[in-house]
S.K.: 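Right, I'll just put the structure down here and ask away after.
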Amino acid sequence: MPTYDLNTAPLRELNRTLHALRPDTNETQWIVRCPEGRHAIAAGLDAPVSVEIEGNVGYYCAGMNKLATVLVNGNAGVGVAENMISGLVHVR
């Protein structure tokens, strides 16, 4: 299960990696740590993956998604799941 700590890896790297996933990927469970209110985390995904974010996210988290499930264990800013085509978003 891939894990990204956004205190040590840039957000752009995380999103670039998630965008590059193919629909038949074996890496279907992702964990994101230390989001600290960053914007556009897990936006624009186009693969049937699950991304669990451990903490608060900023604007547009999980926006423009297709097929992905995003779980936010924290608060979410405005625009969460905006323009989402399909998939699922939970904010706890």
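If you read the sequence from its start, that first residue is 1, and numbering goes on from there. Keep in mind the model is a prediction, meaning the values are calculated, not measured.
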S.K.: Could you name each residue pair satisfying ring pair (Phe, Tyr, Trp, His ring centres under 6.0 Å) that touches residues 73-92, not counting sequence neighbours?
M.R.: none

S.K.: Are side-chain heavy atoms of T3 and R33 found at a separation under 4.5 Å?
M.R.: yes

S.K.: For I85 and M64: C-alpha separation, side-chain torsions, deciding distance, then whether side chain to side chain contact (heavy atoms under 4.5 Å, CB included) applies.
M.R.: CA-CA 6 Å; I85 305 299; M64 300 179 296; over 6 Å; no

S.K.: Is there a donor-acceptor pair under 3.5 Å between the side chain of S86 and the backbone N or O of K66?
M.R.: no

S.K.: Hydrophobic cluster mates of L18, side-chain heavy atoms under 4.5 angstrom, ILVMFWY only, any path?
M.R.: Y4, L6, L11, L14, L21, W30, V32, I41, L45, V49, V51, I53, V57, V70, V72, V80, M84, V89, V91

S.K.: For H19 versus G44, what's the shortest heavy-atom pair and its separation?
M.R.: CD2-O, 3.5 Å

S.K.: Is it true that the side chains of N73 and E52 contain a donor and an acceptor less than 3.5 Å apart?
M.R.: yes

S.K.: By the definition side-chain contact (heavy atoms from CB on, under 4.5 Å), identify the one residue from T69, L67, D24 that meets it with P48.
M.R.: L67

S.K.: Could you tell me whether a side-chain N or O of T25 sits under 3.5 Å from a main-chain N or O of R22, the two making a donor and an acceptor?
M.R.: no

S.K.: Ignoring hydrogens, what is the shortest heavy-atom contact between A42 and N65? Give both atom names and the distance.
M.R.: O-OD1, 3.2 Å

S.K.: Does atom CG (N7) have a neighbourhood of more than 12 heavy atoms from anything else shown, all under 6.0 Å?
M.R.: yes

S.K.: Backbone N or O of R12 within a donor-acceptor pair of the N15 side chain at under 3.5 Å?
M.R.: no

S.K.: Can any side-chain N or O of N56 pair as donor or acceptor with the backbone N or O of E36 at less than 3.5 Å?
M.R.: no

S.K.: Distance from S50 atom OG to E27 atom CD, nearest 0.5 Å?
M.R.: 13.5 Å

S.K.: Can you list the other members of the hydrophobic cluster that holds Y60, where links are side-chain heavy atoms under 4.5 angstrom apart?
M.R.: Y59, V78

